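Take a look at the structure below.
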Amino acid sequence: MAPHHLPFYLAPGSGTDTLMVVMGIFLIAVILWLGTLYWKLHSLPERMAHKSQKLQFEFVAVLGLISLFTHMHIFWIAGLLLALIDLPDFGTPLRSIAGSVEKIAEATPAGDGEEVRADAAPAPALPEKPGSAREKEHSHA
């Protein structure tokens with residue numbers, strides 16, 4: 001009853017639908033590709049912050065996870081902005097200052113009842129100039 005020359009996209013009466021199988025494989029491939037694209041886009045702030053400081057990277061990673069599980073895109077945007085900004089490194093200079101202060105503390109004179117070392121002599125006091133701020137303070141009292 002069917003015509004002998006059916007188009008290729010119509011399934012024959014006694015066979016498999018080739019177009020449906022091809023489209024099913026294509027649909028699965030597109031879904032996997034879009035999923036991979038989504039995950040790459042979602043992890044973009046983390047990949048950008050990976051080159052920066054550890055603390056900044058952790059903040060960006062947490063913001064990415066929060067945006068993933070809450071579906072609130074503002075957290076992803078905040079993570080992206082934080083990844084784009086280079087935060088100054090305050091830790092290294094502060095550690096250097098702390099190390100220098102520790103060295104100075106070890107080289108200072110002893111406490112009240114102990115003897116002062118010769119190499120830690122106090123600096124001489126500078127004489128004050130006439131008309132200095134200290135004299136002006138006393139003149140008002």
Side-chain angles (χ1 to χ4, degrees), residues 2-141:
H4 297 293
H5 301 289
L6 291 175
F8 73 93
Y9 53 85
L10 291 178
S14 64
T16 60
D17 190 357
T18 312
L19 183 63
M20 187 179 84
V21 171
V22 170
M23 289 310 295
I25 293 171
F26 177 75
L27 180 66
I28 290 171
V30 166
I31 289 173
L32 290 174
W33 178 74
L34 283 176
T36 304
L37 180 68
Y38 172 76
W39 287 112
K40 285 202 177 275
L41 182 65
H42 183 75
S43 68
L44 178 68
E46 289 181 48
R47 287 186 282 132
M48 290 173 62
H50 188 68
K51 300 173 196 118
S52 65
Q53 301 171 15
K54 183 179 189 285
L55 185 64
Q56 183 179 5
F57 173 70
E58 289 175 357
F59 277 136
V60 171
V62 167
L63 287 171
L65 283 175
I66 290 172
S67 72
L68 179 67
F69 292 124
T70 62
H71 301 289
M72 295 179 68
H73 304 297
I74 192 71
F75 292 114
W76 186 85
I77 293 170
L80 182 64
L81 291 176
L82 185 60
L84 287 172
I85 297 171
D86 287 332
L87 296 177
D89 181 23
F90 293 115
T92 303
L94 289 177
R95 277 190 290 278
S96 174
I97 291 170
S100 298
V101 168
E102 285 178 5
K103 287 179 186 176
I104 291 171
E106 291 173 0
T108 56
D112 291 336
E114 298 175 10
E115 205 174 293
V116 176
R117 293 191 309 219
D119 62 341
L126 296 174
E128 290 189 20
K129 295 180 183 175
S132 66
R134 182 175 283 178
E135 287 181 3
K136 288 179 184 176
E137 266 184 21
H138 293 296
S139 66
H140 294 290

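All residue numbers refer to positions in the sequence shown, counting from 1. As the structure is a prediction and not an experimental result, all values here were calculated from the model.
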For the atom pair CE (M20) and CD1 (I25), what is the distance rounded to the nearest 0.5 Å?
10.5 Å
Could you report the tightest heavy-atom contact between K40 and R47, atom names first, then the distance?
O-NH2, 2.6 Å
For the atom pair CG (L34) and CG (L41), what is the distance rounded to the nearest 0.5 Å?
11.5 Å
If you compare all heavy atoms of M48 against all heavy atoms of A83, which two are closest, and at what distance to 0.1 Å?
CB-CB, 4.0 Å
Looking only at atom types and distance, does a side-chain atom of S96 sit under 3.5 Å from a main-chain N or O of T92, one as donor and one as acceptor?
no
Nearest-0.5 Å distance that lies between atom CG in L80 and atom CD1 in I85:
10.0 Å
One pair to check against side chain to side chain contact (heavy atoms under 4.5 Å, CB included): V60 and H50. What are the steps and the verdict?
CA-CA 9 Å; V60 171; H50 188 68; over 6 Å; no
CD1 of I31 to CZ of F26, rounded to nearest 0.5 Å, is 10.5 Å
Decide yes or no for I66 and M72: does some side-chain heavy atom of the first lie under 4.5 Å from some side-chain heavy atom of the second?
no
Measuring from E102:CD to I97:CD1, what's the distance to the nearest 0.5 Å?
12.5 Å
Please indicate whether F59 has more than 12 foreign heavy atoms, meaning atoms of other residues, nucleotides or ligands, lying under 6.0 Å from its CZ.
no
Quick check: closest heavy atoms across A49 and F57, and the distance to 0.1 Å?
O-CB, 3.7 Å
Quick one: pull up CG in L44 and CH2 in W39 and give me the separation to the nearest 0.5 Å.
14.5 Å
Above 12 or not: heavy atoms from other molecules or residues under 6.0 Å from OH of Y38?
yes
